[in-house]
Amino acid sequence: MPYDFKSIEDKWRRRWRESDLYLTRVDPSKPKFYYLDMFPYPSGYLHMGHVRNYVIGDVIARYRVAKGYNVLHPMGWDAFGLPAENAAIKHGIHPQKWTFDCIANIRRQFDLLGISFDWSREIATCTPDYYKWTQWFFVQLFKHDLAYRKKAPVNWCPSCQTVLANEQVKGGRCERCDTPVIKKDLEQWFFRITAYAERLLQDLELLTEWPERVKIMQRNWIGKSEGLEAEFPIKGKDISITIFTTRPDTIYGATFIVLAPEHPLTLELVKGTPLEQEVREFVEKVKLRSEIDRTAMERKKEGIFLNCYALNPFTKEDIPIWTADYVLYEYATGAIMAVPAHDERDLEFARQYGLPIRIVIQPPDNALKEEELQTAYTEPGIQVNSGIFNGMWSEDAKEAIIRYAEDQGIGKRKVYYKLRDWCISRQRYWGAPIPMLYCPKCGVVPVPEDQLPVLLPEDVDFQPTGPSPLARHHSFPFTTCPYCGSEARRETDTMDTFVDSSWYFLRFTSPKEDKAPFDKQAVEYWMPVDQYVGGIEHAVLHLLYSRFFTKFLYDIGLVSFPEPFLRLFTQGMITLGGSAMSKSRGNVVTPEEICEKFGADTARVYTLFIGPPDQDAEWSERGVEGVFRFLNRVYRIFEENFSLYDPNWRVKIEGMSDKEKRRITHSTIKKVTQDIERFHFNTAIASLMEFTSSIYDWLQEANKDEKWRVCFSEALEMLVRLLAPFAPFMGEELWEKLGNKDSIYLQQWPSWREELLQTETITLPVQVNGKVRGTITVPAEASDEEIKEEVLRQERLRQYLEGKEIKKMIIVPKRLVSVVVDN
RNA sequence: GCGGAGGUGGCGGAACGGAAGACGCGCUGGACUCAGGAUCCAGUGGACAUUGCGUCCGUGCGGGUUCAAAUCCCGCCCUCCGCACCA
C-alpha cells in the first residue's frame with residue numbers, strides 16, 4: 001500500500017473531531033504548561049506564513065503533553081477590526097457575518113492541519129460575552145484615573161478615517177494601510193500607560209526568557225531620559241519658559257531658546273506685534289505637515305525669531321527666543337535651550353540663522369574653537385566658560401549643576417519618557433463601544449457595571465465620514481443617565497482592538513465565566529503563559545499593552561503576577577519571492593493546496609524543516625517534495641516490515657542487543673528531545689531523516705535474527721513516537737498499525753539511556769601543528785598515555801613526527817589529539 | 001545617525017573553541033524498469049594529483065589571541081529589520 005495520506009488524514013481528522021482528545025486535562029499531580037500562540041485576526045484564510053506559527057506551537061504542546069504536563073493550548077479570534085468593516089462597505093456584508101465566515105474558514109484550516117487546539121475554550125473578542133469584560137476593564141481603568149479624555153494633537157489616518165495610537169504609526173505612516181498620517185486636534189480617550197512607564201521599563205529585567213531585541217525595542221520605545229528642567233524667565237514679562245535638557249553640563253553654552261510651534265507661548269509672545277501674522281502662518285504650516293514631511297531626510301530646519309529674550313539663569317545673559325519646527329511639542333516641555341556647540345541639531349540651526357555658538361566643554365586632548373567647529377562636540381570633556389563649574393569633568397558637572405539649580409530654585413531634576421499615553425478611541429463601528437455617557441448634570445460618567453455590555457447595534461451605516469458611524473445611529477447615542485435620569489448621550493467611539501487583545505490570554509483560562517472577566521483560581525493556576533509565540537511585529541504594540549494591563553490588574557488585586565508572558569519566542573516570516581506572503585502581492589501559498597498535493601503532515605514538517613524558526617525563510621516547493629519523500633520512506637518502512645515488528649521487544653531486548661543499533665536509536669531520542677527543547681526543529685527533523693536512513697540500512701542486512709528484530713522493533717517504535725508531534729496523522733496511523741489502542745498523543749515521551757550512547761572504541765583525528773594528519777582508533781576509556789603511544793605507533797603519522805621534537809601533545813577527551821612539534 | 005540581526009558549497013541550511021559543509025534541494029553516475037519526473041545505491045566546496053594512501057586553498061574583508069577560530073578580540077565592507085530632530 002502506498003502512502004495514501006488523504007485517507008489517513010481524513011480518518012484521523014474525523015476521529016479527533018469526534019473525541020475529547022484535545023480537551024485540556026488537569027491532573028493535580030502534574031505540572032502545568034500554558035502554551036499560547038498570538039491569536040489571529042480572522043481576515044479570510046491562513047497562508048503558510050501563519051501556519052508556521054501554529055505548527056511550532058502544536059509541536060511544543062504535543063511534546064509537553066507527552067512529557068507529562070497539563071497543557072493549555074487554546075485558540076481564539078482577535079475579531080474586531082477594520083478589515084471586517086471595510087469588507088462590509090465594499091461588499092455589503094455585515095461585519096459580523098464577514099467575521100464569522102472567516103472564522104469558520106480558518107477554523108477549518110486549523111483542523112485540516114491537525115493542530116491540537118482545545119476548541120471548547122474558543123473565544124472571539126467581538127462577542128458580547130467577551131467585550132462586556134473589555135468594557136468592564138475600561139470602567140476599572142476610568143475609576144482608577146487611568147482612562148481619561150483630553151483634546152490633543154492625535155494621529156489621524158485619512159484613509160482609515162480614524163485616530164491611531166503612537167505605536168500604530170510606523171515611519172509616519174498608518175501601520176495598517178501605509179497612508180501618511182496627519183495630526184488632528186481632537187478630543188479622545190486615552191489610557192494612562194505613562195503612569196506605568198517606569199515599571200514597564202524596570203520589569204523588563206524580569207523577562208529573562210524574552211529575546212533581547214524585543215526588550216531593547218520596548219526599552220527604546222519607553223525612552224527614559226534623565227536631566228534637568230529649568231526655568232528661563234522671559235525678559236519684560238512675568239512668566240518664564242520651562243525647558244528640559246539631558247545635558248545640564250552645557251547650560252552655559254545655551255545661546256538661544258527654541259519653542260515648539262505648537263507651544264502656547266509661541267503665539268502669546270508675538271500677540272499684537274507686527275510678527276503675529278507671520279508666526280501664525282508658520283505655526284499653521286507646521287501643524288498641517290504630515291509626520292513624513294516633518295521627518296523627511298535632507299529637510300531643512302525652519303524657524304522664526306520671536307523678537308523676545310529670555311534670561312539664561314546661569315550666565316545671566318539675555319538670549320533670543322525662537323520658534324522652530326525641529327522642536328517637538330509632544331515631548332517634555334516642548335521647549336529647549338539650544339546649545340549649538342554641543343548639539344548637532346542646534347548647531348545646524350544656529351549656522352543657518354547666524355546665531356551665536358559658545359563652547360563650554362573642551363575635549364581632554366585639544367582645544368576647539370567656535371569658528372572652526374565642523375560638528376558639535378557631544379562627548380564628555382572639561383568645563384570651560386562655565387562660571388564656578390570651570391575645570392570640572394562634564395560628567396560630574398551634570399550632577400553638580402542639577403544640584404545647584406535645585407538650591408537656587410531655578411530648576412529641578414526630572415525624568416521624561418518618550419512613551420505617550422495610549423490613544424484608544426476609534427471613530428469606527430466594528431469594535432467594543434466605549435462604555436461612557438455624557439450627562440448634562442453628572443458629566444462624563446461610566447455605564448454602571450451591571451448594565452454592561454453596551455451592545456453594538458447591528459443596523460448601522462458603516463460609511464466612514466469622520467465621526468464614528470455609531471453617532472449616526474437612530475437610537476444608540478440616546479439614553480438616560482443611570483445616576484440622575486436626565487437625557488444623556490452615549491460615547492459613540494469604539495475601542496482600539498489592541499484593548500481586546502490585552503487580556504485575552506486571561507480569558508482562555510476560564511472562557512465561560514460570566515460573573516467576572518475570568519475565574520480567579522483558573523487564572524492563578526494557568527498564568528503566566530509559559531511559552532508565548534508570535535511575530536516580531538508586536539514587539540512594542542500588543543506586548544507592551546498586555547504588560548500594562550497585567551500590571552494594572554496586579555495593582556487592583558485581580559492577578560498576583562506582574563508579567564503575563566514568561567517565555568517569548570518570535571518566529572520569522574515565510575517569504576515567497578523574497579517578501580512576506582500577502583493577498584495583495586499575490587504570492588500566497590495556502591495550506592489547502594499543500595495538503596491536497598502532499599498532505600498535512602508534509603505541510604507541517606516542511607514548515608519546520610525550512611530553517612531556524614526565528615529567521616525568515618523562503619518557501620520552496622522542491623523542499624516540500626523532499627519532505628514528502630521522507631515521509632513516504634518512513635511509511636514504507638512500516639508498511640513493508642510490520643511482520644518483523646515484535647511488540648514484546650521491550651522485555652527481550654536486555655542482554656541480546658545490538659549495541660550499534662541501540663546507540664543510533666537512543667542518540668536520536670536524545671537529539672530530537674534536546675532540539676525540541678531549544679526550538680531547533682529543523683535539526684530535529686534532520687536527525688529523524690538520518691535515523692530513517694539507518695533503519696533502511698539495517699533492512700539490507702541478510703541475517704534478521706531475534707537480536708536484529710528486537711532492535712529493529714525498538715527503532716520503529718521510537719521513530720513513530722519521535723515523529724508524532726511533527727506529523728501527528730502519520731504518528732497515529734503507524735502507532736495504531738503497531739497494534740496500539742490508545743492515541744499516540746497520550747503516550748509518554750521516550751527517554752534515552754545514556755549508557756547506550758557509549759561506543760567501545762573511538763576514532764580521534766590527530767593534528768600535527770594544527771593540521772589533521774591522520775586518525776587513531778582507541779578504546780573509549782583509553783588513558784592519555786595509551787593515546788600517546790597509539791599516536792607514535794601510527795605509520796601515517798610517523799613521517800610528520802619522525803626526527804622532530806614533540807613539544808606538546810594536547811588530548812581533548814573524545815574529540816581529538818593535537819601534537820605540536822618543532823619546525 | 002542610533003540600536004539590533006545576519007554574511008558558510010549551485011541553493012535552503014549544519015557545526016559545546018576541536019576533522020567546516022549534518023540534513024534537504026539540485027546535479028552526476030549506476031541499479032531496477034517498455035518507460036520514468038517512481039524507487040534504491042554511489043558521488044557531489046575549489047584547485048592540483050588521480051599508481052594508492054593524497055597536497056594546497058577555502059566560512060564577507062584585514063589584523064590578532066590560541067596547539068587549534070565559522071565560532072573569541074580589534075578595525076573595516078555589505079544586507080536586512082526597528083527607531084529616527086525625543087533636547
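As the structure is a computational prediction, the values presented were derived from the model and not from experiment. Letters A, B, ... mirror the listed sequences (proteins, then strands); counts begin at 1.
Taking only side-chain nitrogens and oxygens, A:Y416 never comes nearer than 4.0 Å to OP1 or OP2 of B:A87. For A:S693 and B:C23, the shortest distance from a side-chain N or O to OP1 or OP2 is not below 4.0 Å. At the phosphate of B:A84, neither OP1 nor OP2 sits under 4.0 Å from any side-chain N or O atom of A:K418.
Within the nucleic acid shown, A:R420 comes within 4.0 Å of at least one base atom, counting heavy atoms only.
Atom C1' of B:A19 sits at a distance of 15 Å from the matching atom of B:C67, rounded to the whole Å. The separation of B:A70 from B:G62, taken at their P atoms, amounts to 14 Å, rounded to a whole angstrom. The separation of B:A15 from B:A35, taken at their C1' atoms, amounts to 43 Å, rounded to a whole angstrom. For the C1' atoms, the distance from B:U33 to B:G43 is 23 Å, rounded to whole Å. On the C1' atoms, B:G21 is 7 Å away from B:G9, given to the nearest whole Å. Nucleotides B:A69 and B:A20 have their P atoms positioned 10 Å apart, rounded to a whole Å. B:A68 and B:G64: their C1' atoms are spaced 15 Å apart (whole Å). Spacing of C1' atoms, B:C41 relative to B:G45, comes out at 23 Å, to the nearest Å.
Here B:C40 is the nucleotide among B:C40, B:C67, B:A87 with the atom lying nearest to any side-chain atom of A:R636. Closest approach to the A:E690 side chain among B:A87, B:A22, B:C56 is made by B:A22 (side chain taken as heavy atoms from C-beta onward). With distances taken from any side-chain atom of A:N220 to the nucleotides B:C41, B:U39, B:G3, the minimum falls on B:G3.
Place A:S620 and A:E212 on RNA chain B by their nearest nucleotides, and A:E212 ends up nearer the 5' end. Residue A:R633 is the one, among A:K301 and A:R633, whose nearest nucleotide of RNA chain B lies closer to the 5' end (criterion: closest heavy atom).
Here the P atom of nucleotide B:C80 and the CE atom of A:M573 are 13 Å apart, to the nearest Å. Note: CE (A:M809) to P (B:A68) measures 16 Å, nearest angstrom. Summarising the geometry, the separation between CZ on A:R213 and P on B:C80 is reported as 16 Å, rounded to the nearest angstrom. We find that CZ of A:F598 is positioned 14 Å from C1' of B:A38, with the value rounded to whole Å. At whole-Å resolution of the value, CD in A:E625 and P in B:C25 are 9 Å apart. As rounded to whole Å, 8 Å separates atom P of B:G6 from atom CG of A:D614. A:D4 has its CG atom 16 Å from the C1' atom of B:A38, to the nearest Å. Going from atom CD1 of A:I536 over to atom P of B:A5 covers 11 Å, rounded to whole Å.
A:E198 pairs by the salt bridge (Lys or Arg N to Asp or Glu O under 4.0 Å) definition with A:K224, not counting sequence neighbours. Taking A:T375 as the reference, nothing meets the side chain to side chain donor-acceptor pair (under 3.5 Å) condition, with sequence neighbours excluded. In this structure, A:R420 has no side chain to side chain donor-acceptor pair (under 3.5 Å) partners at least two apart in sequence or on a different chain. A:K597 is linked by a side chain to side chain donor-acceptor pair (under 3.5 Å) to A:E621, counting only residues two or more places apart in sequence or in another chain. Under the rule for a salt bridge (Lys or Arg N to Asp or Glu O under 4.0 Å), A:E175 has no partner lying at least two apart in sequence or in another chain. Partners of A:H538 under the ring pair (Phe, Tyr, Trp, His ring centres under 6.0 Å) rule, at least two apart in sequence or in another chain, are A:H542. With sequence neighbours left out, A:E625 forms a salt bridge (Lys or Arg N to Asp or Glu O under 4.0 Å) with no residue at all. Residues forming a ring pair (Phe, Tyr, Trp, His ring centres under 6.0 Å) with A:F244 (at least two apart in sequence, or on another chain): A:Y416. Taking the salt bridge (Lys or Arg N to Asp or Glu O under 4.0 Å) definition, one finds that A:R663 meets it with A:E660, sequence neighbours left out.
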Protein N or O to nucleotides 8-19 of chain B N or O, pairs below 3.5 Å:
{"unit_1": "B:G12", "atom_1": "O2'", "unit_2": "A:I610", "atom_2": "O", "d": "3.2"}
{"unit_1": "B:A14", "atom_1": "OP1", "unit_2": "A:N682", "atom_2": "ND2", "d": "3.1"}
{"unit_1": "B:G18", "atom_1": "O2'", "unit_2": "A:R815", "atom_2": "NE", "d": "3.2"}
{"unit_1": "B:G18", "atom_1": "N2", "unit_2": "A:Q767", "atom_2": "OE1", "d": "3.4"}

Report each atom pair, protein N/O against N/O of nucleotides 27-31 of chain B, whose distance is under 3.5 angstrom.
none

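A:Y326 carries A:K301 over the face of its six-membered ring, with the cationic atom under 6.0 Å from the centre and within 45° of the normal.
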Watson-Crick or G-U pairs under 3.5 Å in RNA chain B, rendered as dot-bracket with [ ] for crossing pairs and | for another strand: (((((((..(((.....[....)))((((((.......))))))((((.....))))..(((((..]....))))))))))))....

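For A:E690 and A:K671, the salt-bridge test fails: no basic side-chain N is under 4.0 Å from an acidic carboxylate O. Using a 4.0 Å cut-off between a side-chain N of Lys or Arg and a carboxylate O of Asp or Glu, A:R247 and A:D249 qualify as a salt bridge. Comment: A:R351 does not engage A:E348 in a salt bridge, judged by the lack of any side-chain N to carboxylate O separation of less than 4.0 angstrom.
Put simply, the side chain of A:F628 reaches to within 4.5 Å of the side chain of A:Y3, judged on heavy atoms.
In B:G6 the base sits anti relative to the sugar, since the glycosidic angle is further than 90° from 0.
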